[in-house]
Protein chains: 2
Amino acid sequence: MDERKRLILNAIIQDYICSAEPVGSRTLVKRHRIGLSPATIRNEMADLEEMGYLQQPHTSAGRIPSPRGYRFYVNSIMEDYILTPAELNKMEELIAAAGISLSHNPRQLAKLLAAVTSYISLIAEPADNVQEIRHINLIPLTVASAICIIVLSDGSVKHHTISIPEGVGPREIDALAKFINRSLQGIQLKNINSRLLWELKAEFAGNLSLVDEIYNLVRHQLLADAQELVMDGATNLLNEPEFRDVDKVREIFKTLEQNEQILKLMEADPRRIEDLAIKIGPEIGLESFTDCSLVVATFNLTDRKVTLGILGPSRMQYAKTIGFIRWLREYFSSGGS
Amino acid sequence: MDERKRLILNAIIQDYICSAEPVGSRTLVKRHRIGLSPATIRNEMADLEEMGYLQQPHTSAGRIPSPRGYRFYVNSIMEDYILTPAELNKMEELIAAAGISLSHNPRQLAKLLAAVTSYISLIAEPADNVQEIRHINLIPLTVASAICIIVLSDGSVKHHTISIPEGVGPREIDALAKFINRSLQGIQLKNINSRLLWELKAEFAGNLSLVDEIYNLVRHQLLADAQELVMDGATNLLNEPEFRDVDKVREIFKTLEQNEQILKLMEADPRRIEDLAIKIGPEIGLESFTDCSLVVATFNLTDRKVTLGILGPSRMQYAKTIGFIRWLREYFSSGGS
DNA sequence: TGTTAGCACTCTAATCTGTCGAGTGCTAAT
DNA sequence: ATTAGCACTCGACAGATTAGAGTGCTAACA
């Protein structure tokens, strides 16, 4: 792969990213002022196709980048993108609009990302069962119900209404709360299992059905609690010309509804460089995402870590997307709230 | 509108709801064994069109119901739908799958509704600022931060991380928590305003910046907190033949992203009968929803009220949809968890 | 008088046809 | 090594044609 081929491949990809149309030799020469004739370009294109970096939708059409072409572009050609003043402005504006809750509310963050990239944004809060229980609280609500609030060491809060058996008064509830706190405080989630709970139950002297209920809650709410996934900007996909087909879109949206699958995608990736992984088309490993690409990055917010993904067409503006991510990461790590 | 016209209108609507194709006189006779010839039907259809209940996509096509036709059907023709055993089964299955969290987790409920109706489900938790503060809790997290948890009388829980100024120890935090509880407990949200907070602040003897932070939190988190809207089943729309057009779908999805607008739709409606409102096509009042219908119902869950909406094509299975809603309402009011 | 058979007419959707143009690969000249 | 020239390919587009479903009207009928 000599320098000229790189140049041409780059030009083709840039062009295709903008236009979404197969690019031919003549148009390429016209738009990019390369000092070569269409014929030469044609030869080079034929070579690039043979090498697997380009493909032709049909014989008499221009070339479009293959997944391998994008991969090469991303790995070896693409240069850092510096946000334009307009983009910075927009970003600042959106940050201001999101206000204080940006780093605490994944939805706000997802919205921001989708708005700024115009792709689909995904935010996953890692299911991090090294967390320990910091505090458990029981707050009576009515005579027959109370709220159980559980605070974890990462600052996240879970809560659930539980019913109080007849005849159990505030005093007993208080005693129970104290007992539970003593017994579970400081224990890592991954170490909580039925055996532990069973042992604790044996120790307790008061109302058993109540302690049962709370332990059940702990088990089901905390341990089985699925990792949360927030998404925004799904409609952005409908603006891309390659997704004008309802059936295609439906398959993609259906897949997006299966949170577990998406969360799996966003897990750590061996190829990750600088905490950033890019999966292109078939690399994603999902039939319906063949024409998509996914950029995944981990992010340190003020009080916790999140994984974030940008899902767009394979014809994605990789450099710019990564630029946005880098800028935001910088913003948060330098104390942006 | 004589009996025969009702019959024919009913048949046409039933047919169109199933087939999504304009229905002609001949097909109608074939499918519905009315004891009349196509020619007679044609005359009646012409009448019904003149009366505004039917319309023709073009001269040589069959008829489709107009919004007014659907309205008449819903108001005067439609009969109660009794769920089939298969549907009941499916419902029970989905309820079992959702498990204990069904009535506490609007997402689960939305999922269930979308799955069972195969339309889009919307769930709004009414912004109900008659709620009062039941309990405020401060739980130290690190030396410099704590979690503030606020429990409202309807059982909902809000929480937020706050930062602790240097030199403020657990003891002071405790004192502060006690003070705040004393001062705000039992106060309705609508009565909390800056003046009240300012008065309270004047009373407090301890660290002022901390109490400030908490009051700010109360003001911004609780009072400015937008009503929550949960949605599920958006992809279901893509299965309907009238939404094979990406542009149409995009407009609908865009509108659905504007929560305030949707929440407004789901507010009480004068036409509501039996806590159930049906808005058909243009009645919804949104350009993009012209081909949709919306069924809105209020729902008493174990511990609170929610408003729920089913959004489908105008060609919606009204009777069945309402059947599902009624059944579920019954289920919850008879103590289904 | 209400119902129906028959018929001419209308309009869409689908299919076919021919043309245009962008693009290619190959060859021979530079 | 590069490029001009040329024959060829294939999809997109625009008409033209056809098939079919459906209508409205009229006249016959019970």
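Proteins come first, then strands; the chains are lettered A, B, ... in the order of their sequence lines, and each starts at number 1.
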* To do: Could you tell me whether A:Arg250 and A:Asp245 make a salt bridge, using a distance below 4.0 angstrom between a side-chain N and a carboxylate O?
  => no
Check your understanding: Less than 4.0 Å between a side-chain N and a carboxylate O, is that true for B:Lys90 and B:Glu93?
Key -> no
Base, sugar-phosphate alone, or nothing: which one does B:Thr40 contact when heavy atoms must sit under 4.0 Å apart? base
query: Reckon B:Ala39 touches a base, only the sugar-phosphate, or nothing at all at heavy-atom distances under 4.0 Å?
result: base
Exercise. Would you indicate whether the side-chain heavy atoms of B:Phe324 and B:Leu83 approach each other to under 4.5 Å?
Key: yes
Compare all side-chain heavy atoms of A:Tyr119 with those of A:Glu240 and state whether any distance is below 4.5 angstrom. yes
Using a cut-off of less than 4.0 Å, is there contact between a side-chain N or O of [X] and OP1 or OP2 of [N]?
X: A:Ser25; N: C:dT24; answer: yes
X: B:Thr59; N: C:dC9; answer: no
X: B:Ser37; N: C:dT3; answer: no

Expressed in angstrom and rounded to an integer, what is the separation of [X] atom [atom1] from [N] atom [atom2]?
X: B:Leu36; N: C:dG2; atom1: CG; atom2: P; answer: 14 Å
X: A:Lys5; N: D:dA1; atom1: NZ; atom2: P; answer: 12 Å
X: B:Ile41; N: C:dG2; atom1: CD1; atom2: P; answer: 16 Å
X: B:Tyr16; N: D:dG22; atom1: OH; atom2: P; answer: 14 Å
X: A:Glu49; N: C:dG23; atom1: CD; atom2: P; answer: 15 Å
X: A:Gln55; N: C:dT24; atom1: CD; atom2: C1'; answer: 17 Å
X: A:Glu21; N: C:dA22; atom1: CD; atom2: C1'; answer: 11 Å
X: A:Asp47; N: C:dT24; atom1: CG; atom2: P; answer: 13 Å

Quick check: any donor-acceptor pair below 3.5 Å linking the side-chain of B:Arg63 to the base of D:dG24? no
Has the side chain of A:Arg26 got a donor or acceptor atom sitting under 3.5 Å from an opposite partner on the base of C:dG23?
no
Side-chain atoms of A:Arg42 come closest, of C:dC26, C:dC7, D:dC10, to C:dC26
By nearest-heavy-atom nucleotide on DNA chain C, the more 5' of A:Ala61 and A:Asn43 is A:Ala61
Assign each of A:Ser60 and B:Glu44 the nucleotide of DNA chain C bearing its closest heavy atom; nearer the 5' end lies the nucleotide of B:Glu44
- Item | B:Glu283-B:Tyr70 side chain donor-acceptor pair, cut-off 3.5 Å | no
